[in-house]
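Just the heavy atoms: all of them, side chains too, but no hydrogens, waters or symmetry mates, feed the values below. Keep in mind that what you see is a predicted model, and the values were worked out from it rather than measured. Numbering of ligands and ligand atoms starts at 1, following listing order.
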Amino acid sequence: MERVLIRDLKAHVGEEVVIAGWVDVRRDQGKMVFFDFRDRSGMVQGVVLPKSEAIEVAKDTRQESVVAITGKVNARPEKNVQADRQNGDIELEVLHIEVLNAAETLPFDISGDTSGIDESVRLEHRYLDLRSARMQKNMKVRSEFIRRCREFLFGNDFTEIETPLLTESTPEGSRDFVVPSRLNPGKFYALPQSPQQYKQLLMTAGFERYFQIARAVRDEDLRADRGFEHTQVDIEMSFVNMEEVMNTVEAMITKTVEDMGYTIKEKPFPRISYKDAMEKYGADKFDLRTEEEKEKGILAYAWVVNFPFFEKTDDGKWTFTHNPFSMPIPEHLEWLMKGENIGDILTTQYDLVCNGYESGGGSIRAHRAEILEATYKIMGYSKEEMENSVGHMLKAFTYGTPPHGGIALGVERNIMNLTSESMLREVQAFPMTRGGQTSVMKAPKPLMKKQLDELSIEVKKAQK
Ligand code: ASP
């Protein structure tokens, strides 16, 4: 018999069916045994009657075991109907239980909220944690958000293009994760902090509208809303100004979250300058919701614009605040080119803020070599250092690169807002611990001598 999904059982009242899934709960009442069975589509109550041939097996079948159940779908008598529950008006009379995989007693209870359980225990058994209703929901919200963004972008003439994972160390502002090269002893790749340069090169390549659901890897100190790895909805567009990128992203976010059933506080999204935001909220990310709106799960988006392009480092040099590849606002281009009024130059950066988080950011880019050179000159790069760092970009810009700009939306921060989670790891399937330990598997760990030799690497000082 073909497996029926639990959500479809209603259509089979009076029939014998087979379902397959997990034992969510077992209630042994002596003569009879009750179960809640769970599959990806939902939950149904099963009952094993005293005369059933399944009664012995039923008494032995532990919670979270995987079973295939042959049973008869019965309508519940009126007085037993639980109108507020899925399948509250039916019941599966269990005729036969096939245990496909028996479960040992779980290391922790997954029937409620698992967020209070010790992090290392949760992450060591993440595949169990992910079975909990809350984590199932979070992963599904994440999948749906990405699907809807994709659909919007495909519907608006974007092309999805993947960019390399093994790439060159780039000046994105954080520490790189590096990968040794076996074929080039002593040389290293870096994992991408973002596809920034490749997506700009795709504009040079004439794709005009690019997107990618991209992984970004940064060796930063871990925080509640920050991990080593995160995912971005990464977008780049040719022949656009700030307005056009912001409007496209605003339309995508609005359609995506409203179609998912959420309410947006204010449309179009309010826009505020960095200066005003700092004066009003003391930060460039802020929460515009009232307490009541917070309870209702309302989303309050806003754009922050007119950020300073440069800031001083501790050693008195200028560095970029957001993105070295940005264009200044048109009124300040001359200052940038001449290296004047550096602290006053504003960049075309736009940040999307939602409920207190920076949920995205991007800018219009310098698409002419002399503009990017002027930025690097302000940051104190010599011609040679510039060549070494962004020579390939400067070169590409000499072969017909259209004006372009883009943005990256942080998937996790967006999902945190949609699910009201305050920890990044609650919206990633296999996150790391606070100490940078992988879920389930045991990275980072030492390499074997043979591997190190192959890579021409000698470990100077093993940690602890
Ligand atoms: N590459 C930038 C980032 O990852 C986003 C962008 O400007 O598109 O933050």
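- The environment of E331 atom CD is dense: over 12 non-hydrogen atoms of other residues, nucleotides or ligands sit within 6.0 angstrom.
- For ligand 1, the atoms lying closer than 4.0 Å to a non-hydrogen atom of G362 are 6 (C), 7 (O).
- Annotation: Q232 places an N or O atom under 3.5 Å from an N or O atom of ligand 1; distance criterion only.
- The heavy-atom pair separating E124 from Y127 by the smallest distance is O-CE2, 4.0 Å.
- Distance alone, capped at 3.5 Å, is enough to place a donor-acceptor pair between the N241 side chain and the E244 backbone.
- For the residues Q193, Q196, R218, the heavy atom positioned nearest atom 4 (O) of ligand 1 is part of R218.
- In terms of N/O distances under 3.5 Å, ligand 1 is not approached by D234.
- Residue I407 approaches ligand 1 through these ligand atoms, each under 4.0 Å from one of its heavy atoms: 8 (O).
- Sequence neighbours left out, the pairs with a member in residues 211-260 that pass ring pair (Phe, Tyr, Trp, His ring centres under 6.0 Å) are F154-F211, F177-F228.
- In summary, the atoms of ligand 1 found under 4.0 Å from a heavy atom of N323, numbered by their order in the structure, are 7 (O).
- Between the side chain of Q212 and the main chain of T163, a donor-acceptor pair closer than 3.5 Å is present.
- Judged as a side-chain hydrogen bond (donor to acceptor under 3.5 Å, both in side chains), the pairs with a partner in residues 390-400 (not counting sequence neighbours) are, in order, Q197-H392.
- Near S194, meaning under 4.0 Å from any of its heavy atoms, are these atoms of ligand 1: 1 (N), 4 (O).
- Ligand-side atoms of ligand 1 in range of R365: 6 (C), 7 (O), 8 (O), range being under 4.0 angstrom from any heavy atom.
- Counting atoms of ligand 1 from 1 in the listed order, those under 4.0 Å from a heavy atom of G361 are 5 (C), 6 (C), 7 (O), 8 (O).
- When heavy-atom distances to ligand 1 are checked against a 4.0 Å cut-off, K199 comes that close only through its side chain, counted from C-beta outward.
- With S439 contributing its side chain and P431 its backbone, the two residues share a donor-acceptor pair below 3.5 Å.
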